[in-house]
Visitor: 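Mind looking over this structure? Questions follow.
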Amino acid sequence: DVKVTQSSRYLVKRTGEKVFLECVQDMDHENMFWYRQDPGLGLRLIYFSYDVKMKEKGDIPEGYSVSREKKERFSLILESASTNQTSMYLCASSLSRGLTYGYTFGSGTRLTVV
Amino acid sequence: DAKTTQPNSMESNEEEPVHLPCNHSTISGTDYIHWYRQLPSQGPEYVIHGLTSNVNNRMASLAIAEDRKSSTLILHRATLRDAAVYYCILLNTGGFKTIFGAGTRLFVKA
(Lines give C-alpha, C1' and ligand atoms only; values in the text may rest on other atoms or scores of the structure.)
Protein backbone atom coordinates (compact mmCIF):
# COMPACT_ATOMS: atom_id res chain seq x y z
CA ASP A 1 0.00 0.00 0.00
CA VAL A 2 1.04 3.53 -0.71
CA LYS A 3 1.96 5.44 2.34
CA VAL A 4 2.01 9.16 2.80
CA THR A 5 3.75 10.13 6.00
CA GLN A 6 3.53 13.53 7.62
CA SER A 7 6.30 14.26 10.05
CA SER A 8 4.16 15.53 12.94
CA ARG A 9 0.61 14.84 14.09
CA TYR A 10 0.49 17.87 16.37
CA LEU A 11 2.51 21.06 16.29
CA VAL A 12 2.36 24.25 18.33
CA LYS A 13 4.22 27.31 17.05
CA ARG A 14 4.43 30.97 17.96
CA THR A 15 3.24 33.83 15.80
CA GLY A 16 5.98 34.95 13.45
CA GLU A 17 7.90 31.68 13.48
CA LYS A 18 8.91 29.97 10.27
CA VAL A 19 7.22 26.58 10.16
CA PHE A 20 8.09 23.54 8.06
CA LEU A 21 5.61 20.74 7.48
CA GLU A 22 7.14 17.68 5.88
CA CYS A 23 5.48 15.02 3.79
CA VAL A 24 7.01 11.86 2.32
CA GLN A 25 5.42 9.29 0.02
CA ASP A 26 6.90 5.89 -0.74
CA MET A 27 5.34 4.82 -4.04
CA ASP A 28 7.05 7.01 -6.62
CA HIS A 29 3.97 9.16 -7.20
CA GLU A 30 4.44 12.09 -9.53
CA ASN A 31 2.00 14.46 -7.91
CA MET A 32 1.88 15.79 -4.39
CA PHE A 33 -0.54 18.18 -2.74
CA TRP A 34 -1.01 20.24 0.38
CA TYR A 35 -4.50 20.97 1.70
CA ARG A 36 -5.77 22.67 4.78
CA GLN A 37 -8.97 21.59 6.44
CA ASP A 38 -11.12 23.86 8.55
CA PRO A 39 -14.53 23.16 10.11
CA GLY A 40 -17.34 23.88 7.68
CA LEU A 41 -14.97 24.68 4.82
CA GLY A 42 -13.91 21.22 3.73
CA LEU A 43 -10.47 20.79 2.22
CA ARG A 44 -8.86 23.67 0.37
CA LEU A 45 -5.87 23.24 -1.90
CA ILE A 46 -2.84 25.32 -0.96
CA TYR A 47 -0.19 24.14 -3.43
CA PHE A 48 0.53 21.14 -5.58
CA SER A 49 3.51 19.77 -7.46
CA TYR A 50 3.51 17.51 -10.52
CA ASP A 51 7.27 17.01 -10.69
CA VAL A 52 10.48 17.68 -8.82
CA LYS A 53 11.12 21.40 -8.48
CA MET A 54 7.72 22.17 -10.02
CA LYS A 55 4.94 23.81 -8.08
CA GLU A 56 1.58 25.33 -8.78
CA LYS A 57 -0.62 27.52 -6.62
CA GLY A 58 -3.88 26.14 -5.41
CA ASP A 59 -6.82 28.12 -4.14
CA ILE A 60 -5.27 29.62 -1.02
CA PRO A 61 -1.49 29.98 -1.46
CA GLU A 62 -1.10 33.29 0.40
CA GLY A 63 1.23 33.02 3.36
CA TYR A 64 2.61 29.67 2.24
CA SER A 65 5.39 28.36 0.06
CA VAL A 66 6.47 24.85 -0.89
CA SER A 67 9.57 22.94 -1.80
CA ARG A 68 10.01 19.73 -3.76
CA GLU A 69 13.68 18.88 -4.14
CA LYS A 70 13.12 15.13 -4.31
CA LYS A 71 10.26 13.20 -5.85
CA GLU A 72 9.21 11.59 -2.60
CA ARG A 73 9.24 14.69 -0.42
CA PHE A 74 7.01 17.77 -0.47
CA SER A 75 7.41 20.45 2.17
CA LEU A 76 4.98 23.18 3.12
CA ILE A 77 6.50 26.33 4.58
CA LEU A 78 4.75 28.98 6.58
CA GLU A 79 7.11 31.92 6.20
CA SER A 80 5.78 33.80 9.22
CA ALA A 81 3.11 31.86 11.05
CA SER A 82 -0.06 33.69 12.01
CA THR A 83 -2.99 32.62 14.17
CA ASN A 84 -5.28 32.35 11.14
CA GLN A 85 -3.05 29.54 9.91
CA THR A 86 -4.12 27.37 12.80
CA SER A 87 -5.62 24.40 11.00
CA MET A 88 -5.35 20.76 10.03
CA TYR A 89 -2.89 20.31 7.18
CA LEU A 90 -3.19 17.30 4.91
CA CYS A 91 -0.66 16.07 2.41
CA ALA A 92 -1.67 13.83 -0.50
CA SER A 93 -0.05 12.16 -3.47
CA SER A 94 -1.30 10.64 -6.70
CA LEU A 95 -0.06 8.69 -9.67
CA SER A 96 -0.51 10.58 -12.89
CA ARG A 97 -3.43 12.97 -12.44
CA GLY A 98 -5.19 10.82 -9.87
CA LEU A 99 -7.98 9.96 -12.23
CA THR A 100 -7.61 6.22 -12.09
CA TYR A 101 -6.11 5.62 -8.69
CA GLY A 102 -7.24 8.65 -6.79
CA TYR A 103 -5.36 10.39 -4.04
CA THR A 104 -3.62 8.92 -1.03
CA PHE A 105 -3.66 11.17 2.00
CA GLY A 106 -1.49 11.35 5.06
CA SER A 107 -2.96 11.39 8.55
CA GLY A 108 -2.64 15.14 8.86
CA THR A 109 -0.77 17.65 11.00
CA ARG A 110 -2.81 19.71 13.40
CA LEU A 111 -1.01 23.04 13.67
CA THR A 112 -1.79 25.54 16.38
CA VAL A 113 -0.27 29.01 16.14
CA VAL A 114 -0.31 30.95 19.40
CA ASP B 1 -14.22 24.48 -11.55
CA ALA B 2 -17.24 22.22 -11.27
CA LYS B 3 -18.79 22.09 -7.84
CA THR B 4 -20.50 19.33 -5.91
CA THR B 5 -23.37 19.63 -3.46
CA GLN B 6 -24.00 17.15 -0.67
CA PRO B 7 -26.29 17.11 2.36
CA ASN B 8 -24.55 18.19 5.53
CA SER B 9 -25.43 15.05 7.44
CA MET B 10 -27.30 11.77 7.21
CA GLU B 11 -28.21 9.10 9.67
CA SER B 12 -28.49 5.37 9.22
CA ASN B 13 -29.16 2.28 11.29
CA GLU B 14 -26.50 -0.37 11.52
CA GLU B 15 -26.73 -3.14 8.90
CA GLU B 16 -29.08 -1.12 6.72
CA PRO B 17 -28.16 0.25 3.29
CA VAL B 18 -27.14 3.89 3.00
CA HIS B 19 -27.52 6.06 -0.08
CA LEU B 20 -25.37 9.19 -0.02
CA PRO B 21 -26.33 11.66 -2.76
CA CYS B 22 -24.17 14.14 -4.61
CA ASN B 23 -25.22 16.76 -7.11
CA HIS B 24 -22.78 18.02 -9.73
CA SER B 25 -24.95 19.80 -12.26
CA THR B 26 -22.03 21.65 -13.90
CA ILE B 27 -19.94 18.52 -14.45
CA SER B 28 -17.99 18.46 -17.70
CA GLY B 29 -17.48 15.49 -19.98
CA THR B 30 -13.93 14.97 -18.75
CA ASP B 31 -14.72 15.04 -15.02
CA TYR B 32 -14.37 11.81 -13.09
CA ILE B 33 -16.55 11.41 -10.01
CA HIS B 34 -14.58 10.30 -6.97
CA TRP B 35 -15.73 9.53 -3.45
CA TYR B 36 -13.57 9.68 -0.36
CA ARG B 37 -14.32 9.23 3.29
CA GLN B 38 -12.63 10.62 6.34
CA LEU B 39 -12.71 8.78 9.62
CA PRO B 40 -12.13 10.73 12.84
CA SER B 41 -8.53 11.89 13.28
CA GLN B 42 -7.45 10.52 9.91
CA GLY B 43 -6.87 11.83 6.42
CA PRO B 44 -9.44 11.10 3.69
CA GLU B 45 -9.28 7.70 2.05
CA TYR B 46 -10.35 6.72 -1.43
CA VAL B 47 -13.64 4.82 -1.68
CA ILE B 48 -14.66 4.56 -5.33
CA HIS B 49 -14.74 6.46 -8.60
CA GLY B 50 -16.46 6.40 -11.98
CA LEU B 51 -16.98 8.28 -15.20
CA THR B 52 -20.29 7.21 -16.75
CA SER B 53 -21.12 3.66 -15.73
CA ASN B 54 -22.09 2.36 -12.30
CA VAL B 55 -19.18 0.87 -10.37
CA ASN B 56 -18.85 -1.69 -7.60
CA ASN B 57 -15.95 -2.53 -5.33
CA ARG B 58 -15.49 -4.21 -1.98
CA MET B 59 -16.25 -1.01 -0.09
CA ALA B 60 -19.25 0.42 -1.91
CA SER B 61 -21.18 0.96 -5.12
CA LEU B 62 -21.41 4.12 -7.16
CA ALA B 63 -24.54 4.87 -9.15
CA ILE B 64 -24.18 7.64 -11.73
CA ALA B 65 -27.21 9.32 -13.28
CA GLU B 66 -27.56 9.04 -17.02
CA ASP B 67 -27.03 12.79 -17.47
CA ARG B 68 -24.10 12.61 -14.97
CA LYS B 69 -25.45 15.56 -13.03
CA SER B 70 -25.77 13.51 -9.88
CA SER B 71 -24.40 10.37 -8.32
CA THR B 72 -25.07 8.21 -5.28
CA LEU B 73 -22.65 6.33 -3.09
CA ILE B 74 -24.23 3.17 -1.77
CA LEU B 75 -23.02 1.39 1.35
CA HIS B 76 -24.83 -1.92 1.27
CA ARG B 77 -24.78 -2.64 5.00
CA ALA B 78 -23.71 0.20 7.21
CA THR B 79 -21.53 -0.60 10.19
CA LEU B 80 -20.46 1.59 13.07
CA ARG B 81 -17.06 1.83 11.41
CA ASP B 82 -18.65 3.54 8.42
CA ALA B 83 -19.43 6.63 10.51
CA ALA B 84 -17.34 9.28 8.76
CA VAL B 85 -17.47 12.33 6.54
CA TYR B 86 -18.00 11.37 2.90
CA TYR B 87 -16.73 13.64 0.15
CA CYS B 88 -17.85 13.63 -3.46
CA ILE B 89 -15.31 15.35 -5.72
CA LEU B 90 -14.67 15.83 -9.40
CA LEU B 91 -11.25 15.14 -10.93
CA ASN B 92 -10.63 16.59 -14.36
CA THR B 93 -8.30 15.38 -17.07
CA GLY B 94 -7.40 18.97 -17.81
CA GLY B 95 -5.90 19.95 -14.51
CA PHE B 96 -5.03 19.10 -10.98
CA LYS B 97 -7.26 21.33 -8.97
CA THR B 98 -9.70 19.47 -6.85
CA ILE B 99 -12.49 20.99 -4.87
CA PHE B 100 -13.52 19.22 -1.72
CA GLY B 101 -16.72 20.58 -0.23
CA ALA B 102 -17.78 20.11 3.35
CA GLY B 103 -18.99 16.58 2.63
CA THR B 104 -21.73 14.57 4.32
CA ARG B 105 -21.29 13.46 7.88
CA LEU B 106 -22.78 9.98 8.22
CA PHE B 107 -24.02 8.90 11.63
CA VAL B 108 -24.62 5.18 12.14
CA LYS B 109 -26.84 4.05 14.99
CA ALA B 110 -26.46 0.67 16.63
Side-chain angles (χ1 to χ4, degrees), chain A residues 1-6 8-10 21 23 25 27 29-51 54-61 66 74 87-110, chain B residues 1-9 22 24 27-53 55 57-60 62 64 68 71 73 84-105:
Chain A
D1 281 351
V2 177
K3 277 194 176 174
V4 175
T5 304
Q6 296 184 230
S8 305
R9 288 301 302 270
Y10 300 94
L21 302 183
C23 176
Q25 50 96 2
M27 282 298 289
H29 277 182
E30 298 157 2
N31 310 307
M32 297 188 75
F33 307 81
W34 276 107
Y35 288 87
R36 66 176 281 176
Q37 184 174 31
D38 301 289
L41 297 177
L43 281 74
R44 293 179 291 168
L45 182 63
I46 304 171
Y47 268 98
F48 64 95
S49 168
Y50 53 89
D51 201 352
M54 305 302 289
K55 61 184 179 183
E56 292 287 342
K57 292 181 180 179
D59 298 315
I60 51 165
V66 290
F74 193 36
S87 186
M88 169 70 85
Y89 290 88
L90 290 160
C91 176
S93 71
S94 74
L95 185 65
S96 183
R97 291 177 182 266
L99 299 174
T100 303
Y101 302 105
Y103 292 80
T104 301
F105 282 86
S107 297
T109 296
R110 187 167 292 283
Chain B
D1 288 328
K3 185 179 174 181
T4 62
T5 304
Q6 300 176 253
N8 291 334
S9 65
C22 180
H24 27 78
I27 190 170
S28 74
T30 53
D31 284 332
Y32 284 71
I33 303 160
H34 278 239
W35 283 82
Y36 287 75
R37 72 176 187 182
Q38 187 172 21
L39 302 171
S41 302
Q42 295 186 27
E45 63 174 344
Y46 167 83
V47 177
I48 200 167
H49 80 280
L51 183 61
T52 56
S53 303
V55 184
N57 68 20
R58 63 176 178 82
M59 290 180 73
L62 175 61
I64 301 172
R68 300 210 326 125
S71 61
L73 179 71
V85 178
Y86 287 79
Y87 297 96
C88 165
I89 65 169
L90 303 179
L91 293 182
N92 188 282
T93 55
F96 293 92
K97 285 191 179 182
T98 301
I99 298 175
F100 282 78
T104 297
R105 184 173 293 278

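The chains referred to below are lettered A, B, ... by the order of the sequence lines, with proteins before strands, and numbering in each begins at 1.
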Visitor: Below 4.0 angstrom, N of the basic side chain to O of the carboxylate: do A/D38 and A/R44 qualify?
Guide: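 A salt bridge links A/D38 with A/R44.
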
Visitor: For A/R9, is it the side chain, the backbone, both, or neither that has a heavy atom closer than 4.5 Å to a heavy atom of chain B?
Guide: side chain

Visitor: Checking A/L90 against chain B: side chain, backbone, both or neither under 4.5 Å from a heavy atom?
Guide: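 Side chain of A/L90 only, per the 4.5 Å heavy-atom cut-off to chain B.
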
Visitor: Please name all residues satisfying ring-ring contact (aromatic ring centres under 6.0 Å, His included) with A/Y47, sequence neighbours left out, ordered by chain then number.
Guide: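 Residues passing ring-ring contact (aromatic ring centres under 6.0 Å, His included) with A/Y47: none at all.
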
Visitor: For B/H34 and B/Y46, what are the C-alpha separation, side-chain angles and deciding distance, and is it a side chain to side chain contact (heavy atoms under 4.5 Å, CB included)?
Guide: CA-CA 8 Å; B/H34 278 239; B/Y46 167 83; 3.9 Å; yes

Visitor: Under a 4.5 Å heavy-atom cutoff, which of B/S41, B/P44, B/G103 has the most pairs with chain A?
Guide: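 The residue among B/S41, B/P44, B/G103 with the greatest pair count is B/P44.
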
Visitor: Using salt bridge (Lys or Arg N to Asp or Glu O under 4.0 Å) as the criterion, list what pairs up with A/E56, not counting sequence neighbours.
Guide: none

